[in-house]
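Quick note: numbers below take in every heavy atom, side chains included, and nothing from hydrogens, waters or symmetry partners. All figures in this text were calculated on a predicted structure; none of them were measured in a lab.
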Amino acid sequence: MGLLQIVLGGLVILVSISSLFKFYSAGFFLHNEDICRHFYGGRDVYEGFDIRALTARVGEVLSKMESLQDKLESTVQQMEKNKAVLDKTNISRLEYKKFLEEEVIQPLYNAHIALRQIRLPRIEGIGNTSMKEEPLINTFVIEEIRKYITPKENRVGKINIYGTERIYNTLGHACVLWTKELEEYMDYDIGSYCKDDWILAQKLMINGCDPLPRRRCLTRASKLYLKPYPINESLWRLPDGRNVRWSNYQCRNFECLSSKNPKRGYSKCAGCFEMEKEKLKWVTNTSLAVDFLIKDALAIKPGEIRIGLDFGVGTGTFAARMREQNVTIISTALNLGAPFSEMIALRGLVPLYLTLNQRLPFFDNTMDLIHTTGFMDGWIDLLLMDFILFDWDRILRPGGLLWIDRFFCKRKDLDDYMYMFLQFRYKKHKWVISPKSKDEVFLSALLEKPPRSL
């Protein structure tokens with residue numbers, strides 16, 4: 001009898017282990033979409049489907065229907081209370097028509113349109129139960145945004161020059177956190193003039209809604225746009241203020257932007273709009289060892305520096321000085337309280353309207369020089385800085401120069417930031433640390449990217 005119990009117990013253990021193995025392989029202990037579809041059906045499991053956006057949109061429609069029902073019930077109750085008065089009142093057909101249009105038909109129409117705009121996932125392929133939807137389509141109400149983010153199939157049904165069957169327009173992922181502002185930005189009449197809302201666009205970009213969607217409206221210009229000065233004059237001459245839209249700035253002309261004006265509307269790069277001061281930068285010796293000269297930097301790689309990027313806040317003076325040395329520099333710019341982008345362009349230089357959020361739109365190993373000043377300082381998060389520096393390393397060619405110009409931070413944070421720059425093992429041509437204040441220091445460096453021929 002004891003032997004029989006042992007044998008039966010062993011069989012029970014084997015059956016249990018076999019069952020557990022089947023459950024494990026089926027995906028009950030690990031995430032497995034196929035087993036979910038097998039047991040619960042393909043309609044309940046939607047791969048890549050934004051169920052939260054769908055729930056929010058359905059909830060919005062239900063809220064509209066509930067509001068309409070409450071309004072109609074309230075109207076009926078009011079009519080019941082005033083039955084005696086209503087019996088003696090004659091409502092004209094015109095009034096009755098107006099009531100139906102405004103209180104019944106229009107709310108029903110709005111709810112109907114909202115329902116029509118909901119995109120359910122579609123089945124991909126024959127006999128395949130996987131469901132897919134267009135990304136973010138149920139997040140937005142404005143039809144122009146929905147048209148923009150819907151993939152555009154090739155007209156001839158063939159593969160395009162990029163090797164794809166459709167084109168996906170890009171949209172910053174943080175746009176879903178700024179739906180109200182983005183819908184305001186995209187609410188316009190197609191083919192008409194855009195609103196003067198670049199300040200809203202810049203706010204969206206800075207907060208991660210970058211890139212922004214394209215728009216199909218005509219951009220506004222200043223009321224009296226004059227032709228720019230010739231290039232031999234424009235580099236060192238203050239532009240004509242009539243070529244700028246000033247409505248979103250505190251100042252209304254370039255003269256107002258002087259560093260002497262406490263109400264100029266910006267704090268970074270004070271004095272950038274004063275050409276006499278700008279002419280001295282990078283060509284005149286100063287008392288600070290962290291101030292390098294352009295001629296000394298170019299002497300490190302004579303004849304090799306041809307194109308580059310100036311990543312910072314300014315009015316294009318670094319690019320102007322480099323142009324005099326036959327070097328083409330693209331200057332990043334944001335209009336942080338002043339028309340930096342317009343100023344750079346009116347000087348005959350190239351502004352790149354770009355935030356810190358975005359990958360640089362240049363191919364690998366293409367730039368001879370990257371110069372940075374006045375933008376990335378001790379406020380920046382180390383992880384964000386790491387991503388930015390690796391992106392700079394990507395576009396800088398082997399043998400190219402990284403010019404760190406007057407970077408400053410707290411003295412106690414210097415080691416952390418030094419590691420961020422030194423981790424790439426660039427060759428040091430210049431490396432200078434100088435006190436800025438009691439608790440802060442400057443760092444300037446000229447570093448050369450190694451070959452890395454792999």
Test salt bridge (Lys or Arg N to Asp or Glu O under 4.0 Å) on Arg411 and Glu440; report intermediate values, then the result. CA-CA 5 Å; Arg411 191 180 297 273; Glu440 292 180 315; over 6 Å; no
Could you walk me through whether Leu354 and Leu360 pass the side chain to side chain contact (heavy atoms under 4.5 Å, CB included) test, one step at a time? CA-CA 8 Å; Leu354 190 76; Leu360 291 170; 3.3 Å; yes
Should Glu274 and Lys260 be marked as a salt bridge (Lys or Arg N to Asp or Glu O under 4.0 Å) after you check the CA-CA gap, both sets of side-chain angles, and the distance that decides it? CA-CA 10 Å; Glu274 299 168 45; Lys260 298 177 182 178; over 6 Å; no
Report the C-alpha distance between Glu342 and Arg347 in whole Å, list the side-chain angles of each, state the deciding distance to 0.1 Å, and finish with yes or no for salt bridge (Lys or Arg N to Asp or Glu O under 4.0 Å). CA-CA 9 Å; Glu342 296 98 313; Arg347 293 179 74 178; over 6 Å; no
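In this structure, CG on Leu288 lies 5.0 Å from OG1 on Thr286, to the nearest 0.5 angstrom. Here CD1 of Ile305 is found 13.5 Å from CG of Asn326. Values are rounded to the nearest 0.5 Å. Note: Arg237 CZ to Asn232 CG = 10.5 Å, rounded to the nearest 0.5 Å. Between the CG atom of Asp439 and the SG atom of Cys409 there is a distance of 11.5 Å, given to the nearest 0.5 Å. Here the CG atom belonging to Asp240 is positioned 13.0 Å from the OG atom belonging to Ser234, to the nearest 0.5 angstrom. The line from OG of Ser434 to CG of Leu443 is 10.5 Å long, rounded to the nearest 0.5 Å.
Atom NZ of Lys195 sits in a crowded spot, with more than 12 heavy atoms from other residues, nucleotides or ligands closer than 6.0 Å. Heavy-atom contacts from other residues, nucleotides or ligands closer than 6.0 Å to NZ of Lys152 number more than 12.
Tyr185 has its side chain out of reach of Lys203: every pair of non-hydrogen atoms, C-beta onward, lies at least 4.5 Å apart. Using a 4.5 Å cut-off on side-chain heavy atoms (C-beta onward), Val350 and Ile344 make no contact. By the 4.5 Å heavy-atom criterion applied to side chains, Met322 and Leu298 are counted as neighbours. Residues Asp196 and Arg245 form a side-chain contact, since some pair of their non-hydrogen atoms from C-beta on lies under 4.5 Å apart. Using a 4.5 Å heavy-atom threshold, the side chains of Leu309 and Ile395 count as touching. The shortest distance between side-chain heavy atoms of Asn160 and Ile167 falls below 4.5 Å. Inter-residue side-chain proximity for Leu336 and Cys269 is flagged as unmet; no heavy-atom pair is nearer than 4.5 Å. Contact check for Met418 versus Ile433: side-chain heavy atoms found under the 4.5 Å cut-off.
The six-membered or imidazole ring of Tyr417 lies away from that of Phe408, with a centre-to-centre distance of 6.0 Å or more. Checked against the 6.0 Å centroid criterion, the rings of Phe407 and Phe442 do not qualify as a close aromatic pair. Between Tyr193 and Tyr188, the gap from one ring centroid to the other reaches at least 6.0 Å. Taking the six-membered ring for Trp and the full ring otherwise, the centers of Trp403 and His429 sit at least 6.0 Å from each other.
Pairs of residues two or more places apart, or lying in two chains, that qualify as disulfide (SG to SG under 2.5 Å) and include a residue from residues 217-255 are Cys194-Cys217, Cys251-Cys256. Legend: ring pair (Phe, Tyr, Trp, His ring centres under 6.0 Å) pairs involving residues 213-262, not counting sequence neighbours, sorted by first then second residue: Trp198-Tyr249, Trp246-Tyr249, Trp246-Phe254. Applying the side-chain hydrogen bond (donor to acceptor under 3.5 Å, both in side chains) test to every pair with at least one member in residues 384-396, sequence neighbours left out, gives these pairs: Asp364-Arg394, Asp386-Gln423, Asp391-Arg394, Asp393-Tyr426, Asp393-Arg452.
Under a 3.5 Å cut-off, the side chain of Asn357 and the backbone N or O of Met205 do form a donor-acceptor pair. The main-chain N or O of Arg406 is found under 3.5 Å from a side-chain atom of Ser444 such that the two form a donor-acceptor pair. When atom types are taken as modelled, the side chain of Arg321 and the backbone of Lys279 share a donor-acceptor pair closer than 3.5 angstrom. A donor-acceptor pair under 3.5 Å is absent between the side-chain atoms of Ser331 and the main chain of Gly316, judged by distance alone.
The salt bridge (Lys or Arg N to Asp or Glu O under 4.0 Å) with Arg215 is formed by just one residue from the set Asp189, Asp197, Asp187; it is Asp197.
Residues meeting the ring-ring contact (aromatic ring centres under 6.0 Å, His included) test with Tyr148, sequence neighbours left out: none. Residues passing the salt bridge (Lys or Arg N to Asp or Glu O under 4.0 Å) test with Lys449, sequence neighbours excluded: none. Looking at residues two or more places apart in sequence or on another chain, you find no side-chain hydrogen bond (donor to acceptor under 3.5 Å, both in side chains) involving Asp413.
Residues Tyr266 and Gln250 bring no donor and acceptor atom of their side chains to less than 3.5 Å of each other. Inspection of the Asp405 and Trp282 side chains reveals an N or O donor paired with an N or O acceptor under 3.5 Å.
A salt bridge links Lys268 with Asp377; the closest basic N to acidic carboxylate O contact falls under 4.0 Å.
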